[in-house]
Amino acid sequence: MKRLVIILALILSFVFGVAAANAGKIEDVKKAGVLVCGVKDSVNLFGFVDADSKELVGFDVDVCKYIADKLGVKTEFKVVTSKNRIPMLVQGSVDILAATMTHKFSRDEQIDFSITYFMDGQKLLVKNDGVVMSTADLVNKKVGTVKGSTSEKNIKNAQPKAQVISYDEYPQAFMALKQGKVKAVTTDSGILAGLKAGAEHPEDWAIVGEFFASEPYGLGVPQNDSAFRDFVNKSLNEMWIDGTYQQLFKKWMGYDLPSGWQIELWPM
Ligand code: GLU
């Protein structure tokens, strides 16, 4: 009998222990009163430092703020790079990633993703002199991109004869283009548009060629926490339905959201 009681006690403590360990991100975040968002700090339009306020701003920053509002908590931002963003989420340094991140099955092995919240594809940013007009013109040429980005592989698929040079951040890749060290920068067209718009003479640069890779962005969320993932997906649906998404798109991209794409809407 005594043995049975001990076994029962062990089972119960295991069950409740697991339940406590899996309390979930929603409860944790509400208890802390803050949602820690991993965002970029050098990607114009999406996550960057405002020159006047010195605050982190951008489309991804606003998406994170919207989700924090829905949770009824404040936001704290931590800067991530393409290379360290997934490890930072896995380690729990951030609660969520809004970081120009494409959801891919290979990345899904370590973290989970929201539904697609931004749709883009990859192109080339080049000098506006007509020399490089597509990936076909990059045979034996150097192309810059960023460590840990999908572009590293995509450009190799699109032009196996290009030499890929990976930098830590996109502004460094753009600097290399300005200095003639690479003939093109490749990544998502929205990021390239941000680099061009932020240049001293935007007209000196051109975004060229066809899309050669499709890049649906997902918010990164911790693995196997479906309550949190559902909450994030529902918030994204609400963001679309209440018009905030369309407003933010216009605010940051500078033009109306083109028709033909919408967030995956689930009936409520
Ligand atoms: N969306 C691509 C990716 O997730 C490129 C942008 C980035 O480096 O964050 O890798």
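First listed ligand is number 1; within each ligand, the first listed atom is number 1. Every value quoted in this text rests on a predicted model; they were computed, and no experiment measured them.
- Contact check on Lys25 versus Asp225 returns no salt bridge, with no Lys/Arg side-chain nitrogen under 4.0 Å from an Asp/Glu carboxylate oxygen.
- Checked against a 3.5 angstrom limit, the closest N/O atoms of Thr187 and ligand 1 fall outside it.
- When each atom of ligand 1 is checked for a heavy atom of Thr100 under 4.0 Å away, the hits are 1 (N), 2 (C), 3 (C), 4 (O), 6 (C), 7 (C), 9 (O).
- There is no side-chain donor-acceptor pair under 3.5 Å between Gln159 and Lys161.
- Using a 4.0 Å cut-off between charged nitrogen and carboxylate oxygen, Lys40 and Asp60 do not count as a salt-bridge pair.
- Contact check on Lys123 versus Asp188 returns no salt bridge, with no Lys/Arg side-chain nitrogen under 4.0 Å from an Asp/Glu carboxylate oxygen.
- Close contacts of ligand 1 with Arg107, meaning ligand atoms under 4.0 Å from a residue heavy atom, involve 3 (C), 4 (O), 10 (O).
- Within the 4.0 Å heavy-atom cutoff, Glu152 does not count among the residues contacting ligand 1.
- Counting atoms of ligand 1 from 1 in the listed order, those under 4.0 Å from a heavy atom of Ser82 are 7 (C), 8 (O), 9 (O).
- Polar contact check, Ser151 against ligand 1: no nitrogen or oxygen pair lies under 3.5 Å apart.
- Of the heavy atoms in Glu169, none comes closer than 4.0 Å to ligand 1.
- Numbered from 1 in the order shown, with element, the atoms of ligand 1 that lie under 4.0 Å from a heavy atom of Glu215 read 1 (N), 2 (C).
- Contacts between Thr102 and ligand 1 below 4.0 angstrom, taking non-hydrogen atoms only, involve backbone and side chain alike.
- Judged purely by distance below 3.5 Å, without hydrogens or angles, the side chains of Tyr170 and Thr187 pair a donor atom with an acceptor atom.
- Remark: ligand 1 atoms within the under-4.0 Å shell around heavy atoms of Tyr217 are 1 (N).
- Arg229 contributes no side-chain N or O that, together with a main-chain N or O of Asp112, makes up a donor-acceptor pair within less than 3.5 Å.
- In this structure, Ile191 has a heavy atom closer than 4.0 Å to ligand 1.
- Both the sub-6.0 Å distance and the 45° axial angle are satisfied by Lys178 relative to the ring of Phe174.
- Heavy atoms of Ser149 found under 4.0 angstrom from ligand 1 belong to the backbone as well as the side chain.
- Note: an N/O pair closer than 3.5 Å links Thr150 and ligand 1 by distance alone.
- Taking a cut-off of under 4.0 Å to the non-hydrogen atoms of Ala99, the atoms of ligand 1 that pass are 9 (O).
- The ring pair (Phe, Tyr, Trp, His ring centres under 6.0 Å) with Phe59 is formed by just one residue from the set Phe118, Phe48, Tyr66; it is Phe118.
- For the pair Lys104 and ligand 1, no heavy-atom separation below 4.0 Å is found.
- If you check the side chains of Glu215 and Asn154, you find a donor sitting under 3.5 Å from an acceptor.
- Between Lys83, Met101, Arg85, it is Arg85 that holds the heavy atom closest to atom 9 (O) of ligand 1.
- Trp266 and Glu264 share a side-chain donor-acceptor pair at under 3.5 Å.
- Backbone and side-chain nitrogen or oxygen atoms of Gln122 are examined, and none is located within less than 3.5 angstrom of a nitrogen or oxygen of ligand 1.
- Residues Thr186 and Gln122 bring no donor and acceptor atom of their side chains to less than 3.5 Å of each other.
- Side-chain contact of Thr145 with Glu152: a donor-acceptor pair under 3.5 Å is absent, judged by distance alone.
- At a 3.5 angstrom cut-off on N or O pairs, Lys40 counts as close to ligand 1.
- Of the protein's heavy atoms, Asp188 OD2, 2.6 Å lies nearest to atom 1 (N) of ligand 1.
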